[in-house]
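Written out below as structure tokens is the structure these notes cover.
Lettering of chains follows the sequences in order, A, B, ..., and the numbering in each one begins at 1. Any value given below was found using the heavy atoms of this structure, including those in side chains, with hydrogens, waters and symmetry copies removed.
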Amino acid sequence: MASLYSVMVETPSGVTTKFDQFLEKYRDKYPAQLMDIVRRLISLGNKTGCTENFFKLDEGLDPDDLVCALYDVPEFAMRLYCIRLSDQIVILGDGGPKTTRTWQEDRNLEREVHSMMDVSKIIRTKLKNGDLNMSADGLHLEGDLWITRPPIQQKTNKKNDDDKQATA
Amino acid sequence: MTNKPQRNGDTWGDNYSSPLIKEFSDAITQREQDQTDYKMQLAAKIFKAMKSHGLTQNQFAELMGKPISLISRWMSGTHNFTVDTLVDIQRVLSISLLNVETINSYAQVNFKLNILSTIPGWTPLELEQYINDIGGLAVSEKTIEYVIKG
């Protein structure tokens, strides 16, 4: 068993998540690849847990950033970047087809990896200083899940904010 | 998707649920999910066995005589294994991945055999000795009654 989180974002068209953005971007062009990914995510959550064998580790630039990618199927490299906090908690991000040798050569993938590195840094800091904790059964993040948020008085103008929250 | 704790009473995003995830999930048949689950669980079992033997993927690759890239694919839960490969993995990791033992087609009968001596004066010990002397239970029904209770 495992919990799969994603990062909520406020966009001009409303609230969504990084993982939803990933699905939305590629649903028309790569439906089979996305279906395969969703099936495997369901298995990770309900059956196997998120052990390291299911992920390409060390995708981020920092050695301890926990940024990884769900393994691609052999026939087609579709990268979904994640932060693997434990065998039971993974935060899903965005990604895309990998057509270059390294993600640094692809602007889209580079942006998504850096985005997950940023989120990871904040989450790990919160875990370290106690603002965020893993539940006793290891399945949930408890505490302050806000990554950035606008000041309260600006909330009526959220559409222009880059507001993010990790969510189950 | 359910949302996580608030801060300062802010409920931003609390009622969010993903229509896209629902759309994809609804399109998955039980058969497809079962196939994926099985491949993932197989990979998890192999990975766990490898770890319990204290092997790295490199060492496991050497034992299997396969490239490390193939071992990573095996562990990823995306690989369609052949029976030959699974048999090899079973041998190297001493685990069971293919249970091919058939269930006994005969109805199993559980019974208790009670042997009563009809020979007057024989003690149970004498009777046991007699049975052993004649090589088992090939004893005339006239001398020994037996009762089979289902």
Side-chain angles (χ1 to χ4, degrees), chain A residues 3-6 8-10 14-17 19-24 27 31 34-44 46-56 70-75 87 92 131-132 140-146 149-150 152 155 158 161 163-168, chain B residues 1-52 55-57 60 68-81:
Chain A
S3 295
L4 305 177
Y5 286 73
S6 189
M8 288 186 75
V9 290
E10 181 96 42
V15 177
T16 185
T17 69
F19 182 59
D20 275 352
Q21 289 179 323
F22 171 73
L23 294 176
E24 184 65 52
R27 62 186 297 188
L34 297 192
M35 285 290 282
D36 176 71
I37 285 173
V38 172
R39 281 198 303 269
R40 283 190 283 146
L41 293 177
I42 291 171
S43 291
L44 292 175
N46 295 337
K47 300 287 182 182
T48 62
C50 299
T51 48
E52 65 187 54
N53 52 298
F54 295 118
F55 299 87
K56 285 178 76 73
L70 189 68
Y71 254 105
D72 313 309
V73 293
E75 301 78 20
D87 285 353
L92 306 177
D131 289 339
L132 200 54
H140 301 288
L141 288 171
E142 296 174 339
D144 179 12
L145 284 163
W146 286 94
R149 69 194 296 269
I152 296 294
K155 281 183 64 57
K158 279 196 296 188
D161 296 323
D163 196 6
K164 300 175 180 177
Q165 181 187 23
T167 181
Chain B
M1 271 192 179
T2 56
N3 294 291
K4 302 312 292 180
Q6 306 164 12
R7 190 169 75 176
N8 298 334
D10 197 323
T11 57
W12 177 78
D14 275 11
N15 295 319
Y16 181 80
S17 66
S18 167
L20 270 174
I21 291 179
K22 184 175 187 320
E23 183 184 320
F24 274 92
S25 301
D26 288 349
I28 298 169
T29 65
Q30 190 59 51
R31 176 173 169 267
E32 290 170 334
Q33 191 59 54
D34 287 347
Q35 289 171 341
T36 300
D37 285 349
Y38 202 90
K39 280 192 281 190
M40 297 285 279
Q41 288 175 297
L42 205 52
K45 189 170 185 178
I46 294 168
F47 179 72
K48 191 176 174 186
M50 188 193 81
K51 286 283 187 186
S52 70
L55 296 172
T56 63
Q57 287 201 19
F60 181 48
I68 180 71
S69 57
L70 181 59
I71 300 298
S72 296
R73 195 187 305 167
W74 287 358
M75 303 287 183
S76 72
T78 64
H79 188 67
N80 259 328
F81 288 97

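- Among B:Gln41, B:His79, B:Met40, the residue with the largest count of heavy-atom pairs under 4.5 Å with chain A is B:Met40.
- Taking both residues in full, the closest heavy atoms of A:Leu4 and A:Cys50 are given as CD2-SG, 3.8 Å, listed atom of the first, atom of the second, then distance.
- In terms of heavy-atom pairs under 4.5 angstrom with chain B, the leader among A:Thr16, A:Leu23, A:Leu70 is A:Leu23.
- The contact between A:Asp72 and chain B is made entirely by backbone atoms, counting heavy-atom distances below 4.5 Å.
- A:Ser43 and B:Asp37 share a side-chain donor-acceptor pair at under 3.5 Å.
- For A:Leu41, no part lies under 4.5 angstrom from a heavy atom of chain B.
- With salt bridges taken as basic N to acidic carboxylate O contacts below 4.0 Å, one links A:Arg39 and A:Asp36.
- No other option in A:Met35, A:Glu24, A:Lys56 has as many heavy-atom pairs under 4.5 Å with chain B as A:Met35.
- B:Lys51 meets the side chain to side chain contact (heavy atoms under 4.5 Å, CB included) test with A:Glu52, B:Phe47; sequence neighbours excluded.
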May I have the list of side-chain donor-acceptor pairs in residues 21-28 of chain B shorter than 3.5 Å, sequence neighbours left out?
residue: B:Lys22; atom: NZ; partner: B:Asp26; partner atom: OD2; Å: 2.7
residue: B:Glu23; atom: OE1; partner: A:Arg27; partner atom: NH2; Å: 3.0
residue: B:Glu23; atom: OE2; partner: A:Arg27; partner atom: NH2; Å: 2.4
residue: B:Ser25; atom: OG; partner: B:Ile21; partner atom: O; Å: 2.8

